Amino acid sequence: MENLSALISGRKARIGIIGMGYVGLPLAVEFARGGFRVTGFEVDAQKVRDLKAGISYIGDIPTSEVAALAKKGLLTATLEFSRLGKMDAVIICVPTPLRKSKDPDVSYIVASVQEVRKFLRPGQLIILESTTYPGTTRELVKPMLETGRLKAGKDFHLAFSPERVDPGNPKYGVKNTPKVVGGLTARCTALASALYGSVIDRVLEVTDTETAELVKLLENTFRAVNIGMMNEMALMCHKLGLDVWEVIGAAASKPFGFMPFYPGPGIGGHCIPLDPHYLGWKMKTLNFEPRFIELAGAINSSMPDHVVTRLGEILNSKGKALSRSKVLMLGMAYKQDISDPRESPARDVLILLEKTGAAVDYYDPYVPLAEVEGETRRSRKDALRRLREYDCVMIVTPHTCLDYRDIVRRSRLVFDTRNATKGIKGRNLYRL
Ligand code: SAJ
């Protein structure tokens, strides 16, 4: 055990990271930058080939950085999980999606821990980073690792540390985002804290793994609930005939006790739509009804339908039927200025629009192709040159690279669900 502490302080600890995606790769690069030898463990052979060739497939990580670290032998990748036995610390960064039933899908965690278990040896530090319900590390991971003679907290160390990667954030990265760490024992916490503290500016130690697991879920449930509140505010403002964007903007002038969130066509991404349901699921197993989580989920997932209904009303007011209209949907990514379409509400909006009978194209400079109900849809690159061919342009993702003033000027009708046209006036312009 003590050897591990010395290996960490001497930056000699071999670090294995399972899952080299948008969480694992930036973390691996940060440890390698700090002089640790890092091995990425992947099931995707292409990712292994890329990393060994010094190529980055994550927007936030430049290929030049991966190439330099690979050349120095500080960063490599492998499909051979048998090499886990050579690692002093293993950090699990695999996806935790939801099943269709909105129950947690921890199958990727289970598959990873099964591999760790095969090659587990005394002195290793095992850390789970995947977002999951409170209790996963102690109730699921620990027993799986203790099937042999090794005991957690005695023969090996076990901790949880939530990932806080914000794709596309130009200001916050792994190094300058505080890292929360909770171990099975105080010693586990201390070792995990020492490891992260070697390369991350601030580490916050909490009591145990459950606390660390819940911290992450609180962070993202806080967002989902507040976004849900603002979506309901949008519905109320529509009823009241008021501009929700003006109301929120003015409320945001309050320098204390207020934090603005904004309505939209729904919520997307790999965190906010999913994380609160991990907490909700756990609470239901304890016979507790998580009302805020359920309510926010219901309101947020009703927004695609609401914005399509609103568009129908706007077109009707012009004597047009949505069912016989040509619509250009601007945006497919789940949030502005990134290319990730995962769980994007834009997909739901497109499906609902087409269900009315409308003919729909989409244009998103960041998302050239999108899977919609099993069909690959292509972004219409020429759409901005043919705006007048559309009865309506619907802004669903507010990419800042688009000239919305020009779009409003050249379109017959614009429905903006994201306030991308803030400050722009036009008789043909409508906002959520
Ligand atoms: N959204 C709204 N209104 C808002 C804010 C967001 O409708 O006021 C929508 C976005 O358009 C998007 C979804 O919600 O579709 C999620 O947006 P997000 O800003 O939360 O972005 P994410 O999903 O990339 O969230 C990540 C999270 N990071 C981690 O989990 C490590 C979240 O905790 C961060 O706070 C967030 O980035 C961030 O601040 O950018």
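Please read these numbers as outputs of a predicted model, since none were measured by experiment. Atoms within a ligand are numbered from 1 in the order they appear, just like the ligands themselves. The basis for the numbers below is simple: all heavy atoms, side chains too, and nothing from hydrogens, waters or symmetry mates. Count residues from 1 along the sequence.
Nearest heavy-atom pair, F36 versus I8, reported as atom, atom and distance to 0.1 Å: CZ-O, 3.7 Å.
Annotation: R37, atom CZ; neighbour count of heavy atoms from other residues, nucleotides and ligands within 6.0 Å does not exceed 12. More than 12 heavy atoms of other residues, nucleotides or ligands shown are found within 6.0 angstrom of OH on Y57. Residue-environment remark: CZ (F292) stays at or below the threshold of 12 foreign heavy atoms within 6.0 Å.
Here N226 contributes atom CG and I272 contributes atom CD1; the two are 11.0 Å apart, rounded to the nearest 0.5 Å.
For atom 3 (N) of ligand 1, the closest non-hydrogen atom on the protein side is Y262 O, 2.7 Å. The closest protein non-hydrogen atom to atom 9 (C) of ligand 1 is I267 CG2, 4.0 Å. Atom 26 (C) of ligand 1 has D166 OD1, 3.7 Å as its closest protein atom, hydrogens excluded (heavy atom only). Looking only at protein heavy atoms, the nearest one to atom 5 (C) of ligand 1 is I227 CD1, 3.6 Å. In this structure, the protein non-hydrogen atom closest to atom 19 (O) of ligand 1 is R223 NH2, 2.8 Å.
Short contacts between ligand 1 and R418, defined as distances under 4.0 Å to a heavy atom of the residue, involve ligand atoms 7 (O), 11 (O). Atom numbering of ligand 1 starts at 1 in the shown order; those under 4.0 Å from a heavy atom of F261 are 8 (O). Near V165, meaning under 4.0 Å from any of its heavy atoms, are these atoms of ligand 1: 28 (N), 29 (C), 31 (C). Residue-ligand proximity, E163 to ligand 1, at heavy-atom distances under 4.0 Å covers atoms 31 (C).
Within the 4.0 Å heavy-atom shell around ligand 1 one does not find N169. Ligand 1 does not have E219 within reach: every non-hydrogen atom of the residue lies 4.0 Å or more from it.
A donor-acceptor pair under 3.5 Å is formed between the side chain of N176 and the backbone N or O of K171.
A salt bridge does not link E246 with R431: none of the charged nitrogens is closer than 4.0 Å to a carboxylate oxygen.
An N or O contact shorter than 3.5 Å links K335 to ligand 1 by distance. When only interatomic distances are considered, the shortest N/O to N/O separation between G268 and ligand 1 falls below 3.5 Å. Considering backbone and side-chain N/O atoms, H270 never comes within less than 3.5 Å of an N/O atom of ligand 1. The shortest N/O to N/O separation between Y334 and ligand 1 falls below 3.5 Å.
Aromatic ring orientation, H238 versus H306: perpendicular (interplanar angle above 60°, classes split at 30° and 60°). Aromatic ring orientation, Y366 versus H399: tilted (interplanar angle from 30° to 60°).
Only the side chain of N220 comes within 4.0 Å of ligand 1, counting heavy atoms alone; its backbone N, CA, C and O stay farther away. Contacts between K216 and ligand 1, counted as non-hydrogen atom pairs separated by less than 4.0 Å, involve the side chain only.
Considering N428, D391, L387 in turn, D391 is the only one that fulfils the side chain to side chain contact (heavy atoms under 4.5 Å, CB included) rule with R412.
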